[in-house]
2 protein chains.
Amino acid sequence: MAHLARGEGDALLDRFRRHLRDHRLPFTRQRALLAEIVLFSEEHLSAEVIARKLADKGERVGTATVYRTLDLLVLSGVVRLHDFGEGFRRYEPMAGPADHEHLVCLRCGAVEEFSNDRLARMLPVLADEHHFQHQRHRVEIFGLCHACQQRDLKGLR
Amino acid sequence: MAHLARGEGDALLDRFRRHLRDHRLPFTRQRALLAEIVLFSEEHLSAEVIARKLADKGERVGTATVYRTLDLLVLSGVVRLHDFGEGFRRYEPMAGPADHEHLVCLRCGAVEEFSNDRLARMLPVLADEHHFQHQRHRVEIFGLCHACQQRDLKGLR
DNA sequence: TTGCCTGCAAAGTATTTGCATAACA
DNA sequence: TGTTATGCAAATACTTTGCAGGCAA
């Protein structure tokens with residue numbers, strides 16, 4: 001992960017604030033707290049993890065507010081929603097215009113990102129071959145992350 | 001869809017029966033009914049749709065049995081489980097050893113399949129470049145199916 | 001017969017909604 | 001001050017589990 005350039009989180013936060021202002025929606029304490037957690041995170045957070053981070057800070061924020069604010073962040077275009085088929089959703093800061101794909105570790109659940117031009121160019125072409133109009137896509141590779149591979153090697157010795 | 005060669009459903013059904021026999025598990029009426037619906041389907045069915053198909057046949061099969069039998073079908077390796085992030089899961093007959101990817105229509109929800117050798121070879125390589133051990137992957141392209149594109153064109157005239 | 005299965009209903013998990021109160025602009 | 005948000009709790013959607021009774025081998 002760790003794709004956010006310094007200041008990128010700030011830019012997203014600004015965009016979020018602008019979105020709220022443009023729609024005459026208040027920038028509340030809860031929204032600020034949530035936005036900060038998600039927009040400056042290097043991970044793909046779940047609603048539950050976000051709620052726990054708030055609780056750890058000593059902030060009392062209701063579950064409904066967490067979900068409603070996440071919706072708002074997605075609507076503002078500063079956060080991207082993911083469903084890796086785990087039974088819950090994850091949220092990550094929108095990292096510039098560059099799309100990226102995911103590597104999901106089946107052992108430890110870690111999620112890494114990658115992007116590849118050749119892949120990105122290929123998918124709309126493949127769609128077209130099937131008379132399908134590509135709008136967006138999702139590529140996920142499931143397997144073992146580097147750390148878990150190392151751990152396996154150690155275990156075998 | 002429509003990828004199943006004639007007789008392929010029968011082969012899968014045989015494999016399912018063999019799996020049950022090998023594990024000393026009974027081949028019950030419900031399991032036969034469910035297997036038939038899923039293994040001979042051309043679509044990616046949800047548990048709900050499967051239950052409805054059973055009900056339409058006048059068969060009374062409990063929800064729990066539907067889910068438990070689907071688990072069994074997945075375990076036997078004759079059915080593949082999918083989660084397209086719709087809030088529920090879908091099941092499709094395992095179509096030979098050839099992996100395929102999905103085209104999901106955002107308008108009508110139709111799911112088409114496709115496969116591409118170059119793509120299939122590319123993904124393990126990309127994983128490897130990130131020191132990630134590829135086990136399986138998921139490629140989904142979201143957009144408009146041919147029918148929905150046509151419909152749009154008509155609407156514009 | 002014996003073990004596994006089945007249906008039902010209750011529990012579980014993640015998320016959404018309704019409503020009285022509270023906070024923002 | 002007038003919206004709109006918030007927290008709580010109840011509701012929802014899909015799936016899983018527990019249990020008493022019922023089939024398959």
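Letters go in sequence order (proteins before strands), and every chain restarts at 1.
Comparing V61(A) and L25(B) by the nucleotide of DNA chain D that holds the closest heavy atom to each, the one mapping nearer the 5' end is V61(A). Of the two residues contacting DNA chain C, namely R68(A) and T63(A), the nearest-nucleotide position lying further toward the 5' end is that of T63(A).
Note: CG (L33(A)) to P (dG7(D)) measures 10 Å, nearest angstrom. Atom CG in D71(B) sits roughly 9 Å away from atom C1' in dT16(D) (whole-Å rounding). Between the P atom of dA5(D) and the CG atom of L73(A) lies a distance of 13 Å, rounded to the nearest Å. If you measure from atom CG of L20(B) to atom C1' of dC23(D), you get 15 Å, rounded to the nearest angstrom. Atom CG in L81(A) sits about 15 Å away from atom P in dA14(C), given to the nearest Å. Between the CZ atom of R31(B) and the P atom of dC23(D) there is a distance of 15 Å, given to the nearest Å. A straight line from CG of D83(B) to P of dA13(D) spans 18 Å, rounded to a whole angstrom. The distance from atom CZ of R29(A) to atom P of dC24(C) is 9 Å, rounded to the nearest whole Å.
Judged purely by distance below 3.5 Å, without hydrogens or angles, the side chains of E101(B) and H137(B) pair a donor atom with an acceptor atom. E92(B) and H100(B) share a side-chain donor-acceptor pair at under 3.5 Å. With 3.5 Å as the limit, one finds no donor-acceptor pair spanning the side chains of H130(B) and H146(A).
Between D71(A) and R68(A) no salt bridge is recorded (no basic side-chain N to carboxylate O distance below 4.0 Å).
Checking the phosphate oxygens (OP1, OP2) of dG7(C), a side-chain nitrogen or oxygen of Q30(B) falls inside 4.0 Å. Remark: R24(B) is not in phosphate contact with dC4(C), judged by side-chain N or O atoms under 4.0 Å from OP1 or OP2. The phosphate of dA14(C) has neither OP1 nor OP2 within less than 4.0 Å of any side-chain N or O from R89(A). Note on R60(A): every side-chain N or O is 4.0 Å or more away from OP1 and OP2 of dA22(C). The side chain of T28(B) contributes no N or O atom lying less than 4.0 Å from OP1 or OP2 of dC23(D). Between Y67(A) and dT15(C) there is a side-chain polar atom (N or O) within less than 4.0 angstrom of OP1 or OP2.
Between dA5(D), dG18(D), dC14(D), one nucleotide has an atom nearer to the side chain of F88(B) than all others, and that is dC14(D). Looking at the side chain of P26(A), the nearest of the listed nucleotides dT6(D), dA5(D), dC5(C) is dA5(D).
Relative ring orientation between H82(B) and H44(B) is described as tilted, the plane-to-plane angle lying within the 30° to 60° band.
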